[in-house]
Structure formats: C-alpha cells, structure tokens
Number of protein chains: 2
Amino acid sequence: MVSIKEIAKEVGVSPATVSNALTGKGRVSSQMIDRIQAVAKELGYRPSLAGRALQRGQTGILGLVMPDLTNPLFPRIAQQLSIAADAQGLGILIGDSRGNPDEQSQALHRLVDRGVDGLLVVPQMGAFPEPQPVPTAIIHTASDPRNSVSGDHAGGGSLIARHIAGLGHKRVVILGGDRVSEVQQDRIAGMVQEFATSVETRVLWGEDELSDLITAVSDGATAVMTTSDLLALRVLSHLTRSGFSVPRDVSLTGYDDLPLAWAMHPALTTIAQDVPQIATRALEIVTSLINGNSAPSQGEMVPMRLVIRQSTSKPNPRQESNP
Amino acid sequence: MVSIKEIAKEVGVSPATVSNALTGKGRVSSQMIDRIQAVAKELGYRPSLAGRALQRGQTGILGLVMPDLTNPLFPRIAQQLSIAADAQGLGILIGDSRGNPDEQSQALHRLVDRGVDGLLVVPQMGAFPEPQPVPTAIIHTASDPRNSVSGDHAGGGSLIARHIAGLGHKRVVILGGDRVSEVQQDRIAGMVQEFATSVETRVLWGEDELSDLITAVSDGATAVMTTSDLLALRVLSHLTRSGFSVPRDVSLTGYDDLPLAWAMHPALTTIAQDVPQIATRALEIVTSLINGNSAPSQGEMVPMRLVIRQSTSKPNPRQESNP
DNA sequence: CTGTTAGCGCTTTCAG
DNA sequence: CTGAAAGCGCTAACAG
C-alpha cells in the first residue's frame with residue numbers, strides 16, 4: 001500500500017503538503033500540486049479510508065436497515081441508495097432486522113459500532129427503532145409523525161380507489177395482508193376514505209379471509225382491491241378457480257408495481273412508488289444532518305403513481321349466484 | 001467516544017494492558033481482566049473499528065457486488081450473507097454493477113478502495129470480473145471454471161426435465177430469457193441433455209419468440225419449460241389468452257422458486273436454489289482466503305431442489321388445431 | 001506557499 | 001504478568 005509519506009519522500013516535500021495538494025485544500029502552489037498528483041498517479045496511490053476515518057472521526061459509510069431483506073422493495077431501495085450514495089463517495093452497509101424487533105435494534109447497534117456516519121431505516125412492522133446516536137432517516141409512512149420520508153401510501157390508496165369508483169363500481173372488497181402493518185393500514189385508509197359513502201366497501205385481512213372474499217364476490221362485489229401485488233396474484237388464483245374472470249366479472253388491483261404486475265394475465269392495475277425519489281430524499285436528509293445542517297423537510301411525502309393495466313374495467317351486470 | 005486510554009486511566013494500568021485484557025490475548029491476570037472488563041462495560045466502551053482497522057490493516061468489511069440489485073435473487077443472497085457475515089463480526093458493503101460491465105469493475109474498485117477485506121461477486125452476464133487485489137469468491141455457474149461456488153444450474157435443469165419426461169411428455173418447448181446469460185444456458189443445457197433423444201425439444205429465446213412458442217404448443221408440444229418463474233408467468237398469460245389451460249393442455253415449469261411461484265394459479269412447478277448454502281459457502285471461501293488458508297473446495301456446486309406444484313401433469317391427448 | 005508536529009484509537013514489539 | 005513506546009495513514013494547527 002503506497003502511503004502519503006512515500007509520495008512525500010519521492011517529491012521531496014512533507015506528508016502534510018501532499019495531503020493538502022491531494023485533497024485540494026489550497027495552500028499549495030499549482031505547479032507543486034501538479035507534480036504531486038503526477039507522482040501519486042504514477043505510484044498508484046489510493047488514500048487509506050481507514051486512516052482518514054480515524055483522523056476525521058467519520059467513516060463515509062451509511063447503514064441501511066430493512067425489516068426483511070426479502071421485502072420486495074428492498075432491491076429497488078438498495079439499488080437507488082447505493083447509486084446515490086456512491087455519487088457522494090459514501091458506502092452502504094446492510095443490516096437485516098430479520099422480521100423481528102430485537103434483531104432490528106441489534107442490527108442498528110452493530111452498524112453504529114462499525115462507525116457508520118448515518119442510518120437509513122425502514123422500520124420493522126410495529127417496532128419503531130429507538131433513537132440512535134447518529135443521524136437517521138426513517139422511511140416509513142406519512143401517518144407516522146416520526147417518519148422522515150415516505151411514499152404517500154394513503155394517497156396511493158385514494159388514487160386507485162378513485163380509478164375504481166370512476167369505472168362505476170359500487171361494491172368493492174379490500175384485502176389487506178397483515179393488520180399490524182401501518183403501511184397497509186394507510187393504504188386501506190386511503191381507499192376507504194376516497195370511497196366514503198358512495199361505494200360500499202368491506203375490508204378483509206390475510207390469507208385466512210380469502211374464502212370470505214370469494215363469498216363477497218359471489219354476493220355481488222364487482223371489484224377487489226389489495227395492498228400488494230403478490231396478494232393480488234393470490235386473489236386472482238382463487239377467483240379464477242371459483243370461476244370468476246378478471247376483469248370481466250370482477251376488477252382487481254394490486255399495490256407496489258412489482259415485475260410480476262405486468263407479467264401476469266391480465267396485467268395488473270396497481271400503484272407504483274417513486275422509489276428513486278424516496279431513496280434520494282432519505283439520503284439527502286442524512287447527509288444534510290451529517291453536515292450539521294438540519295434536515296430539509298422532515299416527514300416529506302413522495303406521491304404515488306397509478307398504473308392502469310388490464311385487470312380493471314367497468315363492472316358488468318351479473319346475476320346473483322346466491323338465492 | 002470512550003477510548004481504551006480512559007479505561008486505562010480509570011483502572012490505573014496502561015492502554016496496552018487494557019487492549020490485551022479486552023481482546024483476550026492472554027498475558028494478563030484474570031482478576032485484572034475482570035476489573036478491566038467491568039470498567040469497560042461501565043463506561044460503555046465500544047472499540048473503535050477505525051482505529052483497529054488502521055492498525056491491523058483489515059476493516060472487517062466484505063464487499064458484495066451483484067449485476068443488478070433488482071435481480072430476484074439479490075434479496076435472498078444479501079440476507080443470508082448479512083446474517084452469516086455478522087455472525088463473524090463482518091459487515092457487508094453493497095455494490096451495484098447496474099447491468100453493465102464497466103460499472104461492475106468500477107463498483108469493484110470502489111469497494112477495494114474502501115478497504116474491504118474480501119469480495120463476493122455475482123458476475124454480470126458475459127462480463128467476468130477482472131482479478132482484484134483482495135480475496136474474492138465468484139458466485140456464478142458450475143460450467144465456468146473460474147467460479148467459486150454456485151447452484152447446480154444444469155443439474156436443476158436435468159432434475160426438472162426428468163420430472164417432465166417422467167410424466168410422459170414427448171414434445172416440449174424450452175424458453176430462455178436471454179441468450180447471453182451463461183446461467184440460463186446451463187439450465188437449458190441440463191434440460192436438453194436429460195431429454196437427449198427420448199423427447200423432442202425445441203429451444204426458444206426471449207419475449208420475441210413467445211408467439212413461436214404458442215405456435216409450437218398449437219402444433220402439439222405438451223410442456224413448456226422456462227428458465228425463470230417470471231418468464232413462466234408470462235408464458236401462462238399468453239397460453240391462457242390463446243385458450244390453453246395449464247396443466248390440462250400443457251404443463252409449465254419455472255426456475256428460481258420466487259414467492260410468485262406459489263402465489264400464481266396453478267402454483268408453479270419449479271427449481272429452488274439453496275441460497276443459504278451458496279451464501280454460506282461463498283463466505284467461508286473468502287474468510288478462509290483472508291485468513292491465509294487456501295480456499296476450501298473451489299468450484300463447489302450446491303444441488304438444486306425440485307419443487308413440484310400444480311402446473312405440471314401428465315400430457316392429455318389433444319386434437320391438432322392446425323390443418 | 002510549505003514544513004513540522006502532534007495525535008485520532010488501537011495493537012504490537014520489546015523491556016521490565 | 002504489566003508497561004513504555006512506536007507506528008498504522010492521515011489531517012489540522014501552528015509555525016516558518
């Protein structure tokens with residue numbers, strides 16, 4: 001490993017001057033800078049982040065903690081974050097809370113112990129992370145006041161509900177995956193609120209109530225809305241098995257816009273999060289905090305986008321299948 | 001930040017002794033160790049990884065580079081790796097090659113510059129990473145001799161082909177996603193080899209040839225095999241649209257065992273990789289290399305597992321739909 | 001404009 | 001068994 005010292009010796013100046021020349025802190029004649037840079041390149045000098053970290057007390061590393069790395073959004077967030085981060089010379093260290101609050105705080109601790117300069121965390125369902133000694137951005141849901149930035153889950157719910165209402169549906173069933181998830185609650189709240197009294201809605205939760213959902217459709221509901229694309233795919237299976245055709249007999253919507261949404265048939269009408277935007281803002285928040293500025297815009301909400309595909313259409317009149 | 005020095009002062013010994021006591025390098029009386037540990041805990045001492053890294057020349061951080069963090073396997077690999085890694089006190093820094101060879105080598109460089117002790121890389125399609133100055137484990141495909149550990153893609157192909165052959169299918173169409181992918185080539189090679197001459201096979205590639213696939217099915221193929229679950233979902237869409245029922249008219253298989261495989265209808269027969277095993281082995285290889293030992297078992301192959309669900313069945317005799 | 005000195009927190013000889 | 005000293009690579013403070 002070629003160090004700043006060797007360059008100094010080679011050029012015949014002091015290490016400090018080399019440092020100054022290389023980091024552009026001024027105070028060095030431009031011809032000296034040139035010479036130093038030349039030698040540095042020639043020797044293949046790479047600054048030691050470890051040395052710098054020790055001196056500056058900053059590692060240039062951010063920690064990313066997600067509830068479950070298996071989360072369908074993780075890849076997209078991680079990708080955007082990693083791109084945005086290394087544009088600023090920052091690295092991303094991953095931590096997995098493994099679907100459990102204890103592990104979440106352990107993951108947080110491990111990262112802090114490693115000396116991360118900041119934290120980006122998508123909280124575990126129902127387990128808000130305790131405050132950490134480094135700047136932290138929380139990516140959660142707008143209804144949580146401690147949130148730093150999030151997609152507008154409720155707004156997305158309204159958006160897609162408006163689409164369904166606009167098609168003329170009067171009876172809809174909403175299926176959530178897990179009651180504990182605030183994100184899903186918000187999505188559903190947005191839908192319900194949008195429908196208000198103009199549309200009759202029934203909310204069901206989880207795999208267990210899938211059969212109730214079929215019953216509800218048999219009883220005349222013309223649209224099924226879910227809180228995730230995967231759930232929608234499940235529903236589609238059951239619907240098909242029970243002889244209902246989508247969207248002819250019943251319209252179906254998802255949420256998230258995963259790759260499977262366009263791969264399935266009929267392609268799924270769903271809501272897309274602007275993940276890059278969310279990731280970028282989260283990063284801006286921590287970096288700003290790290291630089292001692294206050295966070296720009298706490299609790300910011302990034303709008304969702306409605307993606308209309310083939311799984312939704314106007315309701316068709318249907319004869320009752322129950323007496 | 002409480003340092004080793006403060007503990008030393010508090011206890012009335014030298015920093016060196018504290019270090020020895022805390023890192024268990026022996027050479028310290030056990031009662032002294034107890035006292036030091038007590039004080040350390042009381043003061044809330046956390047060792048500075050930066051200081052240690054500088055001194056030891058090791059950061060305790062591994063770099064993980066994937067071709068595209070959006071890759072469906074990324075979450076599972078990242079998760080397993082992160083769990084296995086921090087069991088050993090190692091951290092995982094992510095790098096994204098963004099689907100392009102140039103970015104791949106840049107990502108590698110960035111991580112090396114950051115001082116990672118080792119690298120885990122899933123190579124970009126058609127772009128094998130140049131050798132790096134730190135121990136590296138390549139997670140690729142067994143047919144590549146530079147590979148360190150991989151799922152047995154060809155073996156998985158054989159496995160699922162055997163299942164199809166066993167059901168009695170005589171004419172099958174195989175659909176790959178991207179010709180450039182060696183992984184997909186291997187999967188298909190495994191299938192083709194297993195069928196040998198006993199089953200008539202036709203290999204198609206990409207979204208463009210989906211219509212040919214339908215034609216082939218119309219012409220009498222009774223099974224469609226794909227190199228990924230997502231592709232299988234696509235195929236299912238087209239098949240259904242063209243009036244074919246799965247598995248009645250035609251059997252369908254995927255590869256990867258993504259969540260969507262069981263969510264779709266009919267649930268997909270597919271091949272599951274033992275991702276934890278692969279991740280663990282990859283980690284063992286780099287850590288072993290880091291510790292100066294040679295890699296245990298280069299080029300290891302982790303067996304795949306056949307997951308039989310409802311998308312495959314015996315072929316049904318069918319009348320030709322073409323004259 | 002440049003150099004010297006000092007020290008970030010830790011470990012590792014080498015003496016005591 | 002314990003301590004003193006040196007140094008990992010870098011930068012900030014203060015001379016010159």
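Remember, it's a predicted structure, so these values are computed and weren't measured experimentally. Labels below follow one simple rule: chain letters A, B, ... track the order of the sequence lines, proteins then strands, and each chain is numbered from 1.
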message: Measuring from the side chain of Ser29(B) (C-beta onward, heavy atoms only), which nucleotide among dG3(D), dT11(D), dC1(D) has the closest atom?
response: dC1(D)
- prompt: Between dC10(C) atom C1' and Tyr45(B) atom OH, what is the distance in whole Å?
  reply: 7 Å
message: So, OP1 or OP2 of dG3(D): does either fall under 4.0 Å of a side-chain N or O from Thr17(B)?
response: yes
field: Contact check, side chains of Thr287(A) and Leu90(A), non-hydrogen atoms, under 4.5 Å
entry: yes
field: Comparing Arg56(A) and Met32(B) on DNA chain D - which has the more 5′ nearest nucleotide
entry: Met32(B)
- request: Mind calculating the distance between CZ (Arg114(B)) and P (dG9(D)) to the nearest angstrom?
  value: 19 Å
query: Taking the side chain of Pro47(B) as heavy atoms from C-beta outward, which of dT12(C), dA4(D), dC10(C) is closest to it?
result: dC10(C)
Residue Leu54(A), side-chain heavy atoms: nucleotide from dG9(C), dG3(C), dT12(C) that is nearest: dG9(C)
query: Is the shortest side-chain N/O distance from Thr23(B) to OP1 or OP2 of dC10(C) below 4.0 Å?
result: no
- request: On the 0 to 90° scale, with breaks at 30° and 60°, tag the Phe128(B)-His140(B) ring pair as parallel, tilted or perpendicular.
  value: tilted
task: For Leu49(B) and dT11(C), give me the distance from atom CG to atom P, rounded to whole Å.
output: 10 Å
message: Without decimals, in angstroms, what is the distance between Asn20(A) CG and dT4(C) P?
response: 14 Å
query: Any luck finding a side-chain donor-acceptor pair between Ser82(A) and Asp96(B) under 3.5 Å?
result: no
task: Using only heavy-atom distances, decide whether a donor-acceptor pair under 3.5 angstrom links the side-chain of Gln55(A) to the base of dG7(C).
output: yes
task: Could you tell me the separation between the CD atom of Gln58(B) and the P atom of dG9(C), rounded to a whole number of Å?
output: 22 Å
- prompt: If you look at every strand shown and take non-hydrogen atoms under 4.0 Å, does Ser19(B) touch a base, only sugar-phosphate, or nothing?
  reply: base
task: Write down the distance between CD1 (Ile4(A)) and P (dC8(D)), rounded to a whole number of angstrom.
output: 13 Å
field: Working for side-chain contact (heavy atoms from CB on, under 4.5 Å), residues Tyr45(A) and Leu22(A)
entry: CA-CA 10 Å; Tyr45(A) 169 74; Leu22(A) 259 23; 3.7 Å; yes
- prompt: Under 4.0 angstrom, heavy atoms only, what part of the nucleic acid is Gly115(B) near: base, sugar-phosphate, or nothing?
  reply: nothing
message: Let's see if you can work this out: which of dC1(D), dC10(C), dA5(D) has an atom nearest to the side-chain heavy atoms of Ala16(B)?
response: dA5(D)
- line: Rounded to whole Å, the CZ-C1' distance (Arg52(B) to dC10(D)) equals 20 Å
message: The test is side-chain contact (heavy atoms from CB on, under 4.5 Å); show your working for Leu49(A) and Ile61(A) and say whether it passes.
response: CA-CA 10 Å; Leu49(A) 282 276; Ile61(A) 295 181; over 6 Å; no
query: Of the nucleotides dT2(D), dC8(D), dG3(D), which has the atom closest to the Lys5(A) side chain?
result: dC8(D)
Nearest-Å distance for atom pair CD1/C1', residues Ile36(B) and dG3(D): 12 Å
